[in-house]
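For reference, the structure is listed below as structure tokens.
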Protein chains: 2
Amino acid sequence: MSHVQQHKFQLDESEMPTRWYNVLPDLPTPPPPVLHPGTGQPVGPDDLAPLFPMDLILQEVSTERYVDIPEEVLDVYRLWRPSPLYRAHRLEKALGTPARIYYKYEGVSPAGSHKPNTAVPQAFYNARAGIRKLTTETGAGQWGTALAFACAQYGLACEVWQVRASYDQKPYRRMMIETFGGTVHPSPSELTEAGRRILAAHPDSTGSLGIAISEAVEVAAQDPTSNYALGSVLNHVLMHQTIIGEEALLQLAQAGETPDLLVGCTGGGSNFGGLMFPFLRERWAGRMSPTVRAVEPAACPSLTQGTYAYDFGDTAGMTPLMKMHTLGHDFVPDPIHAGGLRYHGMSPLISHLYETREIEAVAKPQTECFSAGVLFARTEGIVPAPEPTHALAAAIEEAVRCKDTGEEKVILTALCGHGHLDLAAYDAYLSGNVVDHAWEDADIQAAVAEALSRLPTLA
Amino acid sequence: MSHVQQHKFQLDESEMPTRWYNVLPDLPTPPPPVLHPGTGQPVGPDDLAPLFPMDLILQEVSTERYVDIPEEVLDVYRLWRPSPLYRAHRLEKALGTPARIYYKYEGVSPAGSHKPNTAVPQAFYNARAGIRKLTTETGAGQWGTALAFACAQYGLACEVWQVRASYDQKPYRRMMIETFGGTVHPSPSELTEAGRRILAAHPDSTGSLGIAISEAVEVAAQDPTSNYALGSVLNHVLMHQTIIGEEALLQLAQAGETPDLLVGCTGGGSNFGGLMFPFLRERWAGRMSPTVRAVEPAACPSLTQGTYAYDFGDTAGMTPLMKMHTLGHDFVPDPIHAGGLRYHGMSPLISHLYETREIEAVAKPQTECFSAGVLFARTEGIVPAPEPTHALAAAIEEAVRCKDTGEEKVILTALCGHGHLDLAAYDAYLSGNVVDHAWEDADIQAAVAEALSRLPTLA
């Protein structure tokens, strides 16, 4: 039946990619080195050995184009991978656009986001190195959930320091981490010197990601059987995420499409890099020519407003210095609902690609993003996490432009997670309690409002 | 590679069943009629016309073996269907069982459960009949979420009366209904005579499903452009759910398996019937011979402890009389976390099959179910809703028995929804705050505890 519109483009498990793509050797120019905060010299493997297993340290600096995914990791990936690619027929119809919108959905994972793609190999390499426990920080809770699940697969304990404000306001994330077998401490905690020092000075401290990192690093550094795990920013993390883009390439080919525009949200950059790097490789090889666009929150615009400079990865200034787009390591963004995008810096690889004009970037106010999220939920049936509503807003913006120009653009967007544990943010938006920067473009605002108004509401 | 274990058994959209299976004409003996509460005579289509569209009334009494699914419904089903069937390799390994455990997962739907399978056609038939608004009740909120999503697909308004206790304690469900465009009222409300009467007598009433039904029915009955929708119990609801079983038959065949045991949880019976009816058809045709087992909560054991008698579907005694297994329409079950299983009665079709020995039933205490849910989450990566943990507990029980007998039984269980919005229940369980009936079998308890102890926890 010719009118049947295929919605899902699935791959069999046997078609799942078995290697990660390392963008480093394909970069048009080499990225600047990471520097030791004390000496100002490039860091070597030994500098990182107290916190990371050698397999991950070598991946961080590898110049091999492909890295085989261990069989033990593929076994766990198969719980949810290959993840689906969808064509957003019903969203297109609501917008009345000739554009064809596709979304790669990572919300089917155990944590409900892309984070397990790197949490699983990180836990595996640590377990193989004889490590017994991983420590980490978590803000909104996505990363802590992913690492707790991953640790359960390889017999590792998992200890998570969750920013106190988030620990108190988002108890469901803590509960999910505990259900997967992890242990959660509100940060600052009495368990570390870093935490005790903060609490002595500020007994009512609601914490920060920087403090939580300090606590997790302190515990890992003091115990030779414990290591620390980071959920974004670093090269090896982005490499693990490239399975998203490798799958999406196969799925778009299955749909018979070549993308004109790729859009993804950027916080630390791992979801964005994971989808985009394999497509950039194809573009550099001359097989396609998509525009690649990063979407960041107007409240934390590291690419569009930050400077490209050496800066610390954490607030306290304990990490190596990375050359990246940054708002300054002491920048405190507004408390927008997309907690995963509230990071002062940007992955050095993404920053380098932006600086060399390989990718574009835009910043979106959160009301525009929530509006896109609500329209998407009502048409496609998935409530997106606040983070990927930024990418959806940019996809919708382009689709509305296509309505004017008549272009049948193929748009692919990264839907990196569901919003089941973020419903309070939607509640705030629907109650009119989310206010922020003005929309960039009144025409887009009018088009989305019109699409929403054609959907039913109870007067 | 022979050691690669396939986890997912997926169908393409082109393989999605295009008809529902109506078990009625295949029943070994005909079920007793539904009676009018006033006259005591069998109800006719006209009796139901104020609340339901004629398409659904005719489906309720249809004796056709198959009913074609309208193309407009298939289009929406394709947003998430066919749903996946999984083999629980990692759960099997944790249990050390020779049994092969499969689960059919409905948590991929927009509402996160099986409920949209019937919400979507109900909304469609109502919209085609010119209805502008659907009203309904919701307890835990799954059904209200499904109907709100379904109404958004066909331009209907959706008005949900949510039991006040649930409205206050589970705000995420209300928020999800509103995100899909529905309107939620706590029940009892000032909007109906039924609600006002209760509030006058009991200003602090926390409501009940019976009161919420009365309010939703009152509003629908007074407005010729509004109808009422029910999420379980009725014949047409169970028929819509048979797409679950039809898909599972194809997927088990793809896996090369014939089931020995089918287990599903039962509240009103729609998820259970949806999976089981197509398998019963195959059994009656002599193509397989699985045992079919219903699992109900020990706190609300309508099949194992109730009587088979004519009773009302609601607490207030306003509905037609149905012959069913019932604990009495004024029975108030303990406030267990599996809110969807707290129903005094059981679908007449399921009751009839139980009475005629076509299916078995067991009752499980909720601590056993949560224990199964936690083991499942840590091994398979999905946090199940409290309702299907009952089916998982029964599947695990059988798998542990197989460990003793060495039987390689093929067990298929219905995983009817995820527990993302039920994490507070897991928190209560993990904190030791869920106590109830004793486990039936100490050996099972020991085996599950041992499997859990082999998984990592932080001492």
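All heavy atoms count here, side chains included; hydrogens, waters and symmetry mates do not. Below, chain A is the first sequence line, B the second, and so on; all start at residue 1.
Distance CZ/B:F370 to OG1/A:T179: 9.5 Å, rounded to 0.5 Å.
In this structure, the portions of A:Q6 lying under 4.5 Å from any heavy atom of chain B include both its backbone and its side chain. The parts of B:V76 that come within reach of chain A are both its backbone and its side chain, each placing non-hydrogen atoms under 4.5 angstrom from that chain. The contact between B:L11 and chain A is made entirely by backbone atoms, counting heavy-atom distances below 4.5 Å. Only the side chain of B:E13 comes within contact range of chain A, judged by heavy atoms closer than 4.5 Å. Only the side chain of B:R174 comes within contact range of chain A, with at least one heavy atom under 4.5 Å from a heavy atom of that chain. For B:Y86, the part lying under 4.5 angstrom from a heavy atom of chain A is the side chain only. Contact of A:F149 with chain B is made through the side chain alone, with heavy-atom distances under 4.5 Å. In this structure, the portions of B:L421 lying under 4.5 Å from any heavy atom of chain A include both its backbone and its side chain. In this structure, the portion of A:R90 lying under 4.5 Å from any heavy atom of chain B is its side chain and not its backbone.
Using cut-offs of 30° and 60° for the angle between ring planes, the A:H420 and B:H420 rings count as tilted.
Closest non-hydrogen pair, B:D427 versus A:E178, comes out as OD1-OE1, 3.6 Å. Across every non-hydrogen atom of B:L79 and A:T379, the tightest pair is CD1-O, 3.9 Å. Closest approach of A:A152 to B:R378, counting heavy atoms only: CB-O, 4.1 Å. Of all non-hydrogen atoms in A:G381 and B:F180, the two that sit nearest each other are O-CZ, 4.0 Å.
Counting only heavy atoms from C-beta outward, the side chains of A:H89 and B:R78 never approach each other to under 4.5 Å.
Between the B:K8 side chain and the A:D12 main chain, no donor and acceptor come within less than 3.5 Å of each other.
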